[in-house]
*Asks:* 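I am attaching a structure below and will ask some questions about it afterwards.
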Amino acid sequence: MNEYLKGNYELDAKIEETADAEDSTDEFERKALSRLGGSICFVSKKKLIWNGDQADGAGQKDR
Amino acid sequence: MELGRRIARALEAATFDRVADVGLANAERNRPRITRSVLELAETPLGAGESALVVGAGPSLVRRRSLERLRASGWAGTIVATDGALGACLRAGVVPHVVVSVDPHPERIVRWFGDPRLTAPSTDDYFRRQEMDPAHRRDEIGANRALVDLVDAFGRKIKVAAATSAAPTVVERCEQAGMDLYWWNPMYDDYDRPGSISRRLWEMNHLPCLNGGGNVGTAAWVLTHAALGKTRVGLIGVDLGYAPGTPYAQTQYYPELVAMLGDRHPEAFVHTKNPVTGEVWFADPAYHWFREVFLEMAAEADCETYNCTEGGLLFGPGIRPAPLEAFLSTVPARGPAADKDDRHG
């Protein structure tokens with residue numbers, strides 16, 4: 001983008017590009033989305049019940 | 001892709017953000033009260049046979065009079081209710097064998113068990129606004145008072161499958177009503193990954209971790225076959241959607257959707273025709289995600305799943321639609337003596 005936005009003047013102040021704006025937008029979206037989430041997690045492609053590595057409650061494989 | 005479906009795709013991570021911190025804090029606070037694993041529930045007296053009925057709090061419960069029909073049938077199988085459906089069950093004269101509770105919300109969920117401390121309408125309009133239990137919408141205080149009495153009267157006959165994430169207020173209320181608690185952990189993340197929260201939790205309390213599928217109805221279905229070992233599981237009131245004609249303002253996530261999307265909030269609702277009834281039901285992004293997840297889990301589950309809701313949005317591979325009476329007829333009815341002993345009304 002910078003190569004298209006060249007001016008014919010110099011600024012005294014040095015403007016540093018940061019990721020803050022994007023980060024804060026992401027953060028806002030994530031917070032907003034979290035209010036729409038469920039009451040319990042879902043973990044994709046894992047067993048429906050897991051009781052430690054040795055004692056396997058349902059004997060299922062990971063999905 | 002529709003806005004609602006797009007939002008739904010982000011809800012797996014969003015749900016973790018919503019519940020992980022408070023769920024883990026509750027697990028720590030509940031720790032001194034944990035004496036039994038949910039796996040011990042399968043060894044306790046439940047209903048007859050290998051069939052169980054999971055009762056959710058969806059609108060079909062009232063529309064189809066599912067509980068009244070269940071009560072009239074004298075069905076002898078195991079009944080597993082979600083916390084949100086407990087009041088409807090007891091009012092209909094159905095005392096479930098097990099109630100499942102998972103939501104870590106500090107104030108709301110205790111109301112499903114009757115909150116003895118509630119003396120004036122709450123500033124939180126959740127129960128007046130939402131569609132899950134119409135009794136609370138009509139008369140918040142009166143419905144709560146009646147539920148306190150019912151849970152106090154029948155609590156000793158009901159076992160609670162409590163997630164360690166459950167709010168301590170719920171745990172205290174259940175204990176006060178004489179309910180026996182059996183515990184499990186919600187699965188928060190992949191237990192095979194380094195630093196897994198699920199694994200850390202298991203190492204702390206050695207309780208089984210259940211993959212909850214986003215909501216208490218799906219968690220109750222998982223528990224019924226994966227922990228109780230039931231091989232034929234029927235569903236009533238598990239609609240994962242809103243009935244035709246429900247105002248958007250009466251849906252569960254309405255304030256959040258308006259805050260997030262403003263005037264575009266109607267675009268977040270996904271409308272789908274039920275192939276059995278021909279009705280067009282609709283889902284918000286959360287319910288749409290719950291449905292997608294349920295179908296993914298059903299494809300791998302070690303049970304036959306019969307959808308007896310006669311409505312809603314839960315249909316697809318792994319789900320067998322069935323009229324309620326057809327499912328109930330597979331288990332012999334209870335004798336009159338047992339009925340008098342265990343049910344009321």
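On a predicted model such as this, the values are computed, not experimentally measured, just so you know. Order of the sequence lines fixes the chain letters, A, B, ..., with proteins taken first and strands second; residue numbering starts at 1 for each chain.
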*Asks:* Can you tell which of B/Asn185, B/Val222, B/Asp189 has the highest number of heavy-atom pairs within less than 4.5 Å of chain A?
*Replies:* B/Asp189

*Asks:* Is there a donor-acceptor contact under 3.5 Å from the side chain of B/Tyr188 to the main chain of A/Val43?
*Replies:* no

*Asks:* Please tell me if the side chains of A/Lys47 and B/Asn211 come closer than 4.5 Å, counting only heavy atoms from C-beta onward.
*Replies:* no

*Asks:* Considering only heavy atoms, which portion of B/His206 lies under 4.5 Å from any heavy atom of chain A: side chain, backbone, both, or neither?
*Replies:* backbone

*Asks:* So which atom in A/Ser39 and which in B/Pro104 form the shortest heavy-atom distance, rounded to 0.1 Å?
*Replies:* O-CD, 3.9 Å

*Asks:* Please name the pair of heavy atoms, one in B/Ser198 and one in A/Trp50, separated by the smallest distance, quoted to 0.1 Å.
*Replies:* O-CZ3, 4.1 Å

*Asks:* Quick one: what part of B/Leu257 sits under 4.5 Å from any heavy atom of chain A, side chain, backbone, both or neither?
*Replies:* both

*Asks:* How about B/Leu210 and A/Leu48: do any of their side-chain heavy atoms sit closer than 4.5 Å?
*Replies:* no

*Asks:* Backbone N or O of A/Gly38 within a donor-acceptor pair of the B/Thr15 side chain at under 3.5 Å?
*Replies:* yes

*Asks:* Judged by modelled atom types alone, do A/Asn51 and B/Trp202 share a side-chain donor-acceptor pair under 3.5 Å?
*Replies:* yes

*Asks:* For residues B/Arg199 and A/Asp53, determine if any side-chain heavy atom of one lies less than 4.5 Å from a side-chain heavy atom of the other.
*Replies:* yes

*Asks:* Taking side chain as everything from C-beta outward and backbone as N, CA, C, O, which of these in B/Asp103 sits under 4.5 Å from a heavy atom of chain A? Side chain, backbone, both or neither.
*Replies:* both

*Asks:* Does the side chain of A/Ile49 come within less than 4.5 Å of B/Met187's, by heavy atoms?
*Replies:* no

*Asks:* Any side-chain to backbone donor/acceptor pair from B/Arg18 onto A/Gly37? Under 3.5 Å, distance only.
*Replies:* yes

*Asks:* Heavy-atom pairs under 4.5 Å with chain A - which of B/Ala14, B/Pro186, B/Gly214 has more of them than the others?
*Replies:* B/Gly214

*Asks:* Atom CG in B/Asp284, atom CG in A/Leu36: separation rounded to 0.5 Å?
*Replies:* 8.0 Å

*Asks:* Test A/Ile40 against every option in B/Val102, B/Val19, B/Thr218 by the side chain to side chain contact (heavy atoms under 4.5 Å, CB included) rule and name the one that passes.
*Replies:* B/Val102

*Asks:* Charged N to carboxylate O under 4.0 angstrom, A/Lys46 versus B/Asp192?
*Replies:* yes

*Asks:* For residues A/Ser44 and B/Glu12, is any side-chain donor paired with an opposing acceptor at under 3.5 Å?
*Replies:* no

*Asks:* With heavy-atom distances below 4.5 Å as the criterion, would you say the side chains of A/Phe42 and B/Met297 are in contact?
*Replies:* yes

